Amino acid sequence: MSCFFTLLAFALLGDAAVLDWTTSYAKASSALQGLTVEEKVGIVTGIGWQKGPCVGNTPPVPKIGLPSLCLQDGPLGVRFVQGTTAFPAGIHAGATWDKDLVYQRGAAMGEESRALGIHVQLSPVGGALGKIPEGGRIWEGFTNDAYLSGILMQQTIRGLQSSGVQACAKHPVGNEQEKNRETMSSNIDDRTLHELYMWPFADSVLADVASMMCSYNKINGTWACESDKLLNALLKDDLDFRGNAQHSSVQSALTGLDMSMPGTDYNGGSIYWGPSLTELVKNGTVPQTRLDNMVTRILAGWYKLQQDQNYPRVTFNSWTGGTGGPNVQSSHSQIARQVARDGIILLKNDRNTLPLRPSGGSIAVIGSDAITNPDGLNACKDKGCNNGTLTMGWGSGSVELPYLIDPLSGIRNRLSGTTTNVIPSTTDDKNAAAGAAAAASMSIVFVNSNSGEAYITVEGNAGDRINLDPYHDGNGLVVAVAAAAGGKPVIVVIHSVGPMLLESILSHPNVVAVVWAGLPGQESGSSLADVLFGDYSPSGKLPFTIGKSRVDYGDVAVEPSMVDSYEEGLYIDYRHFDKMGITPRYEFGYGLSYTNFTYSALAIQPATAMPAGLYDTIAVITCTITNIGPYAGAEVAQLYLSLPPSAPDSPVQQLRGFDKVKLAPGQAGTATFVVRKKDASYWDVPRQQWVIPPGEHRFVVGSSSRDRKLQGGFVVQ
Ligand SMILES: *[C@@H]1O[C@H](CO)[C@@H](O)[C@H](O)[C@H]1NC(C)=O
Ligand SMILES: *[C@@H]1O[C@H](CO)[C@@H](O)[C@H](O)[C@H]1NC(C)=O
Ligand SMILES: *[C@@H]1O[C@H](CO)[C@@H](O)[C@H](O)[C@H]1NC(C)=O
Ligand SMILES: *[C@@H]1O[C@H](CO)[C@@H](O)[C@H](O)[C@H]1NC(C)=O
């Protein structure tokens, strides 16, 4: 019923498969005793890019039963391996705002990794956080809100690790753009670092994440992987992170980095650690204790997940087509479909156009984004193109699709046996589109916007997007359809990696409905049909803000120079719109349903005494949500907290709780928000600690960051 008990149940479930750190460390320390320096160096160094079956591999140490450890991307499934599930991307899972479902997605991915013998799955992503709307990899994470990201990181980590695979939270911190990512410096002030960018990683440590991978960029001029402040002061001391910090292809980083992966650069040339680390330890430059600490942390993660007992062997090979492994998909397509469906956000629905009730007539299905890539399902390496419907972005965070139900197929399947037929026009040709729209009784137009990792450029987008418009002149395509449709309804469906500008699309009176279908993975068309035809009411909410113009987002652009000073501080996305009093087109947390919900009976139960621990509960807030409409549906109730005036300059409001309540028509349920002490605190820079400011902490409960239904407060003495 409440998120508090749900979380507790997960913790207990997790504990059954996972050892505590003390026991894991004891086993690791004892295994360490018999190892030579060369063996220890082996454990902390990859054997080289493409030298083993996985993207990262260590040499085995048979005398302690340690196999070659297998590390594999990535955040939405298992990269490079055939017969695995292509789940919806992080940003789409974020749009579900569903803690249970995100846990299940993690558990299903973890089951696939474990069955394949993967020890560490490089997932989930909390950085890039997403401060720059065009940032190439913002779709790999869940949202640009630190709180929502933190909770969904926790759920994913618990899910992955409940299946026996080590999670790897990545990438702390400051890799917010692809341009210059390996050379630029993110100079983030201390308060912003704690309250935004480190926040999701702090939650990850609470969820017992086994490892973290630092980002490529510099922080204040020092490589993230060499930053004593990041690795030691922040991660290992402040957060008490006991897993291991790793990185791909960075120069030897001896300030707290524990593993160098893949061990060489991506050409197999320079070797970063290996024999040179052995030399450095033998001649005393790197203390033996530091090497022992690295090895202990890595072995502890392996023991913690009990991977020393009956763990499957790796039989696939990433470099020969990803075949050779077992088929591990099980019934995960159902979870993939549910996440895809529940992450769909209904932005506009005039005259109750949706759901569609097929009763004769015809539907024009328009746009190249409605069909599978004509060149083949996985024709573009690492999804590095934008042909056919968009299911995920490109780069190391992509996977091979095992199959795809594209939107056209999903709609056709759903209409089979009805008297409604489909008129497809599946290029982006405007004349053909206009012809289909004129002939049909209504039109559904598909547009998209794509981005990815910097090593691939797609249609002029070198990782980061060059603008927030649809690709392939999607705006022009919608104009052509709307003009040809006359008074007949036009529905626009959008697949996108992140925020887009919709003013052009919305300016046509014929565009009566807009459906944000995100990055849905392999079950794209079936999940879309579930929602379009009313088998399920849409229940996704925006995990970012859709502004009316690019300038409304403020000065958070892809930085062309070598330094980004993060001058905007805490004020990204809705924190910026709120501070500047800018009305967005669709605010953070927004999303319509086919049914209606009322909010009532706000209650607050403050802690009887101020708790000592930062993550202890200071207040439990509840309210009643009632479904007064005609459809079953789910409402994401959201809690936004404002710090009292005794705090230094702070955001107007910040998300500090959410609960997705599923209700039949006429049914009432309780939304519960458990506010932790940290959620009501700020990072005090001079004192170098979290401080809960005295005074009245006001809060609102609503259906978005601007649709406020109930309000209240609690006083801190
Ligand atoms: C970076 O510099 C800023 C400004 O001096 C400081 O507040 C912050 O703590 C530094 N961060 C790191 C990780 O060194
Ligand atoms: C230790 O070995 C490294 C790597 O071979 C070398 O660069 C360094 O100069 C040596 N230092 C000492 C003090 O011998
Ligand atoms: C696929 O995309 C590339 C650009 O990324 C383009 O050159 C090519 O024509 C596209 N193929 C089809 C069939 O649309
Ligand atoms: C209920 O929801 C529908 C669809 O979103 C909307 O048109 C209608 O105005 C709502 N009714 C009430 C009473 O809020």
Side-chain angles (χ1 to χ4, degrees), residues 36-38 40-42 44-45 126-129 131 146 169-176 181 183-202 204-205 212-241 245 247 250-257 260 263-264 269-291 294 559 561-572 647-650 681-691:
T36 65
V37 172
E38 286 78 5
K40 291 175 188 174
V41 168
V44 304
T45 310
L129 182 62
K131 79 158 181 159
K170 58 190 197 175
H171 316 81
V173 57
N175 182 186
E176 294 293 322
R181 69 172 184 183
T183 42
M184 74 177 295
S185 180
S186 294
N187 295 1
I188 312 175
D189 74 81
D190 200 38
R191 184 175 173 201
T192 302
L193 191 61
H194 282 82
E195 292 187 26
L196 283 191
Y197 297 98
M198 285 305 289
W199 183 292
F201 296 101
S204 301
V205 173
M212 293 207 197
M213 185 202 286
C214 38
S215 52
Y216 286 100
N217 52 286
K218 298 174 190 169
I219 300 171
N220 292 2
T222 304
W223 300 107
C225 274
E226 298 178 11
S227 167
D228 177 52
K229 167 118 193 208
L230 175 71
L231 293 176
N232 293 319
L234 289 171
L235 283 178
K236 291 183 180 174
D237 295 343
D238 281 10
L239 302 180
D240 195 23
F241 170 54
H247 192 50
V250 79
Q251 297 288 348
S252 75
L254 307 175
T255 343
L257 185 66
S260 170
T264 61
S270 324
I271 300 167
Y272 295 124
W273 284 4
S276 56
L277 180 58
T278 307
E279 194 55 43
L280 289 164
V281 172
K282 287 194 167 159
N283 74 16
T285 309
V286 172
Q288 177 75 40
T289 51
R290 178 75 261 279
L291 178 63
M294 295 179 197
E559 184 58 59
S561 76
M562 287 304 171
V563 175
D564 182 349
S565 311
Y566 285 59
E567 277 115 357
E568 73 288 341
L570 297 169
Y571 300 98
I572 65 168
D649 178 41
S650 296
S681 302
Y682 68 93
W683 178 255
D684 188 309
V685 176
R687 287 154 76 182
Q688 286 293 292
Q689 63 184 40
W690 292 92
V691 170

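Ligands are counted one by one from 1 in listed order, and the atoms in each one are counted from 1 as well. Quantities reported herein were computed from a predicted structural model and do not represent experimental measurements.
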Tabulate distances under 3.5 Å between N/O atoms of ligand 2 and N/O atoms of the protein, writing both atom names on each line.
{"from": "ligand 2", "atom 1": "2 (O)", "to": "Asn283", "atom 2": "ND2", "distance (Å)": "2.4"}
{"from": "ligand 2", "atom 1": "11 (N)", "to": "Asn283", "atom 2": "ND2", "distance (Å)": "3.0"}
{"from": "ligand 2", "atom 1": "14 (O)", "to": "Asn283", "atom 2": "ND2", "distance (Å)": "3.1"}

Item to complete: Measure the CZ-CG distance between Arg191 and Leu570 for me, rounded to the nearest 0.5 Å.
Response: 5.0 Å
Item to complete: Could you list the residues that satisfy side chain to side chain contact (heavy atoms under 4.5 Å, CB included) with Glu38, not counting sequence neighbours?
Response: Thr36, Thr278, Lys282
Discussion item. Restricting to side chain to side chain contact (heavy atoms under 4.5 Å, CB included), what partner residues turn up for Ser681, sequence neighbours left out?
Written reply: Lys677, Trp690, Ile692
Discussion item. Quick check: closest heavy atoms across Ser185 and Asn220, and the distance to 0.1 Å?
Written reply: OG-N, 3.3 Å
Worksheet item: Stepwise, does the salt bridge (charged side-chain N to carboxylate O under 4.0 Å, His left out) test hold for Lys229 with Asp190?
Response: CA-CA 11 Å; Lys229 167 118 193 208; Asp190 200 38; 3.2 Å; yes
Worksheet entry | Sub-3.5 Å N/O-N/O distance, Ser227 and ligand 1 | no
Item to complete: Output the list of atoms in ligand 1 that are nearer than 4.0 Å to some heavy atom of Asp190, sorted by atom number.
Response: 6 (C), 7 (O), 8 (C), 9 (O)
Worksheet item: How close do Leu196 and Leu129 get, heavy atom to heavy atom, and via which atoms?
Response: O-CD2, 4.1 Å
Fill in: Atoms of ligand 1 close to Ile219 [distance to a heavy atom under 4.0 angstrom, numbered from 1]
13 (C)
Response to the item:
What one should report as the nearest heavy-atom pair of Ala146 and Pro200 is O-CG, 4.0 Å
Worksheet item: Mind checking what makes side chain to side chain contact (heavy atoms under 4.5 Å, CB included) contact with Gln689, not counting sequence neighbours?
Response: Arg687, Val691
Fill in: Distance filter under 4.0 Å to Asp189 heavy atoms, resulting ligand 1 atoms
7 (O)
Worksheet item: Touching ligand 1 at all, Ile188? Heavy atoms, strictly under 4.0 Å?
Response: yes
